[in-house]
Protein chains: 2
Amino acid sequence: MQKKTRNTTAKQEILKLIANAGQALSHVEIQQQLNNLCDRVTIYRVLNRLVEEQKIHKIVNTDGVVNYAACHDCEHHHHNDNHVHFSCTICKSVTCLDNIIPTFQLPADYLMQEMNFMIAGICPNCKA
Amino acid sequence: MQKKTRNTTAKQEILKLIANAGQALSHVEIQQQLNNLCDRVTIYRVLNRLVEEQKIHKIVNTDGVVNYAACHDCEHHHHNDNHVHFSCTICKSVTCLDNIIPTFQLPADYLMQEMNFMIAGICPNCKA
DNA sequence: TTATTTAATGCAACTTAGTTGCAAATATAA
DNA sequence: TTATATTTGCAACTAAGTTGCATTAAATAA
C-alpha cells in the first residue's frame, strides 16, 4: 500500500519557487528565498518527495552540487531528464537546455534507469 | 611561471591504482586500497593534481559522489571526458564507456569547457 | 464541525565529503 | 651534498546531507 502524500505549505512554496525560477536552484538558494518558512531539514525532505513524485528534476553539477529544476515536458513525454544541462562557471547559473537532446547508442546489455548530462562553461549572458 | 610537480610515492601508487582498476574509483576506495600509505588529505591533494595534469578524469555520479578514472584516449584526442559513464545501481561500479560518444548541438552562444555524461542503471554483470 | 489518523515538521545530533593553515619531511636541481 | 620549493601529516574546520524522536498539522471520517 502506497503512502499518501500531503500538500503542505512548505511543499507548495518550494514547488512554486522552483517552477518560477527559470533556472535550477540549489538547496541553499531555496533556503535563502524561503526566508525561514521552514527548517532546512524540511527543505531536504520536501525536495526528495518532489523528485519521487516526479514534479521536479534533480541535476548534479560537475562539482557534485545538486540543483533542482521544474519538469517542463514531463506531462507529454516520459519523466526522464534526457536533455542537456548547462552550468555557467562565471555566474554559477544552472539551466535546462530542454531542446538539446544528445543521441547515443547504449549497448543492449546495459539497462538505463537515469541520466544526467551536464556541460559546464560560459553562458550567453556572461560571454557577451 | 608554472609550478613544478613532483613524482612522489603517493602519487605513483595512486596513479597505478587508478590505471589498473578497470573501473572508476572513489576517494574512499582509493584510501582503503592504499592501506595507510598516506593521509586522506594527501589523497585529495594528489587526485586534484592528477586531474590538473590531465592524467586522470573526474567523474561525478548521479548522487554527487566523485570518482576518478584513468585517461585512455587522451594521448591521441583532446583531453575531454566526452564519452558516457555508467554507474550501476546494484554493484555500484562506475565505468567508462569509451566508445559511446553522444552527439548534440550546443547553441553557438554557449562556450563549453567541461562535460560530464552520466547514466545510471544496471550493468551487464548484474543484469545477467 | 469535531475527532481521528498518519504524514510532515522542527530540533538536535550525527555522518560524510572535502578544505585550509602550518610546521615538518622529501624530491629535485645545482 | 646542499639549497629550495613542493608535498605531506595533522588538527581543525566548512559544507552537504541524514536520522531519531517528540510535536504539529493535513486529510479524512464521524
Side-chain angles (χ1 to χ4, degrees), chain A residues 1-18 24-69 87 92 94 116 118 120, chain B residues 1-18 24-53 55-69 87 92 94 114 116 118 120:
Chain A
M1 181 180 97
Q2 158 118 332
K3 216 160 81 153
K4 231 169 258 173
T5 161
R6 289 178 188 179
N7 196 21
T8 64
T9 337
K11 190 173 162 186
Q12 286 168 23
E13 291 306 312
I14 292 173
L15 187 53
K16 204 188 294 177
L17 264 185
I18 296 175
L25 300 176
S26 67
H27 174 269
V28 186
E29 290 166 329
I30 293 170
Q31 186 175 2
Q32 286 166 348
Q33 295 191 44
L34 277 182
N35 214 58
N36 273 11
L37 173 81
C38 65
D39 193 73
R40 54 182 218 97
V41 177
T42 301
I43 302 178
Y44 279 115
R45 294 198 261 228
V46 168
L47 287 171
N48 287 339
R49 253 182 290 146
L50 286 171
V51 170
E52 269 168 35
E53 295 169 19
Q54 311 206 338
K55 298 225 172 84
I56 60 174
H57 284 301
K58 185 176 180 173
I59 306 167
V60 181
N61 210 328
T62 45
D63 56 3
V65 173
V66 174
N67 284 67
Y68 298 91
S87 167
K92 306 299 174 196
V94 177
N116 189 61
M118 195 76 217
Chain B
M1 181 184 92
Q2 158 118 331
K3 217 160 79 153
K4 232 168 257 173
T5 163
R6 288 179 189 178
N7 197 20
T8 63
T9 337
K11 188 173 163 186
Q12 285 169 24
E13 291 306 310
I14 291 173
L15 187 54
K16 203 188 293 175
L17 264 185
I18 296 175
L25 300 177
S26 67
H27 174 268
V28 186
E29 289 166 328
I30 292 170
Q31 187 174 2
Q32 286 166 349
Q33 294 191 45
L34 277 182
N35 213 59
N36 272 12
L37 173 80
C38 65
D39 192 74
R40 53 180 219 97
V41 177
T42 301
I43 302 178
Y44 280 115
R45 294 199 261 225
V46 168
L47 287 171
N48 288 339
R49 252 182 291 147
L50 286 172
V51 169
E52 270 168 34
E53 294 169 20
K55 298 225 172 83
I56 60 174
H57 283 301
K58 185 175 180 172
I59 306 167
V60 181
N61 211 328
T62 46
D63 56 3
V65 173
V66 174
N67 285 66
Y68 298 90
S87 167
K92 307 297 171 196
V94 176
E114 196 183 335
N116 189 60
M118 194 76 218

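To find a chain, count down the sequence lines: A is the first, B the second, and so on, and within it residues start at 1. Being a predicted model, the structure only gives us computed values, none of them experimental.
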With a non-hydrogen cut-off below 4.0 angstrom, is B:L37 in contact with a base, only sugar-phosphate, or nothing?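 Answer is sugar-phosphate: B:L37 comes under 4.0 Å of backbone atoms only.
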Can you check the A:K11 NZ to D:dT24 P distance for me, whole Å?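 To the nearest whole Å, that distance equals 22 Å.
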Heavy atoms only, 4.0 Å cut-off, all strands: where does B:V46 land among base, sugar-phosphate and nothing?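 Sugar-phosphate, backbone atoms only, no base.
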Rounded to whole Å, please give me the gap between NZ in A:K58 and C1' in D:dA16.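 In whole Å, D:dA16 C1' and A:K58 NZ are 11 Å from each other.
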B:H27 vs B:T9, nearer the 5' end of DNA chain C by closest nucleotide: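 In this pair, the answer is B:H27.
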Specify the separation, in whole Å, of atom CD of A:Q31 and atom C1' of C:dT9.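 That distance rounds to 15 Å.
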Protein-nucleotide distance (B:N61, atom CG; C:dT16, atom C1'), rounded to Å: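 Atom-to-atom, B:N61 to C:dT16, this comes out as 15 Å.
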Proximity to the side chain of A:V28 - top-ranked nucleotide from C:dA8, D:dA16, C:dT19: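 Shortest atom-to-atom distance from the side chain points to D:dA16.
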Donor-acceptor pair present, A:R6 side chain and C:dT6 base, under 3.5 Å: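 Looking at the base of C:dT6, it does pair with a donor or acceptor on the side chain of A:R6 (distance under 3.5 Å).
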Expressed in angstrom and rounded to an integer, what is the separation of A:D63 atom CG from D:dA16 atom C1'?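 One finds 12 Å between C1' of D:dA16 and CG of A:D63, rounded.
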State whether the number of non-hydrogen atoms from other residues, nucleotides or ligands found under 6.0 Å of A:N7 atom CG is greater than 12.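 Yes, enclosed.
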Rounding to an integer number of Å, can you tell me how far B:D39 CG sits from C:dT26 P?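 B:D39 atom CG is separated from C:dT26 atom P by 14 Å.
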Verdict with reasoning, A:V60 to B:N61, per side-chain contact (heavy atoms from CB on, under 4.5 Å): CA-CA 8 Å; A:V60 181; B:N61 211 328; over 6 Å; no
Heavy-atom donor-acceptor pair, B:E53 side chain to B:L50 backbone, under 3.5 Å: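 No; judged by distance alone, with no hydrogens or angles, the pair does not exist.
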Phosphate OP1/OP2 of D:dT8 contacted by B:R49 side-chain N/O (<4.0 Å):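 Looking at the OP1 and OP2 atoms of D:dT8, one of them is under 4.0 Å from a side-chain N or O of B:R49.
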Check the distance between D:dA25's P and A:Q12's CD and give it to me in whole angstrom.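 Result: 15 Å.
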Tell me, with the steps shown, if B:R49 and B:E52 meet salt bridge (Lys or Arg N to Asp or Glu O under 4.0 Å). CA-CA 5 Å; B:R49 252 182 291 147; B:E52 270 168 34; over 6 Å; no
Does D:dT8 have OP1 or OP2 under 4.0 Å away from a side-chain N or O of B:T8?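 Result: yes.
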When the distance from OH of A:Y68 to P of D:dA16 is rounded to whole Å, what number comes out?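 Taking OH of A:Y68 and P of D:dA16, I get 12 Å after rounding.
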Less than 3.5 Å between a donor and an acceptor, one on the side chain of A:R45 and one on the base of C:dG10, is that the case here?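 Counting by modelled atom types and ignoring angles, a donor-acceptor contact under 3.5 Å is found here.
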So what does B:V66 touch, heavy atoms closer than 4.0 Å: a base, only the sugar-phosphate, or nothing?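 Answer is sugar-phosphate: B:V66 comes under 4.0 Å of backbone atoms only.
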Between B:Y44 and B:H27, ring centroids under 6.0 Å: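 Judged by ring-centre distance (under 6.0 Å), B:Y44 and B:H27 do meet the cut-off.
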Taking the side chain of B:Y44 as its heavy atoms from C-beta onward, which of C:dT9, C:dT19, D:dT8 lies nearest to it?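 Within the option list, the nearest is C:dT19.
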Any donor-acceptor pair under 3.5 Å joining the side chain of B:R40 to the base of D:dG9?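 There is none.
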I want to confirm an ordering. Mapping A:N7 and B:C38 to their closest nucleotides on DNA chain D, which one lands closer to the 5' end?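 On the 5' side of the pair lies B:C38.
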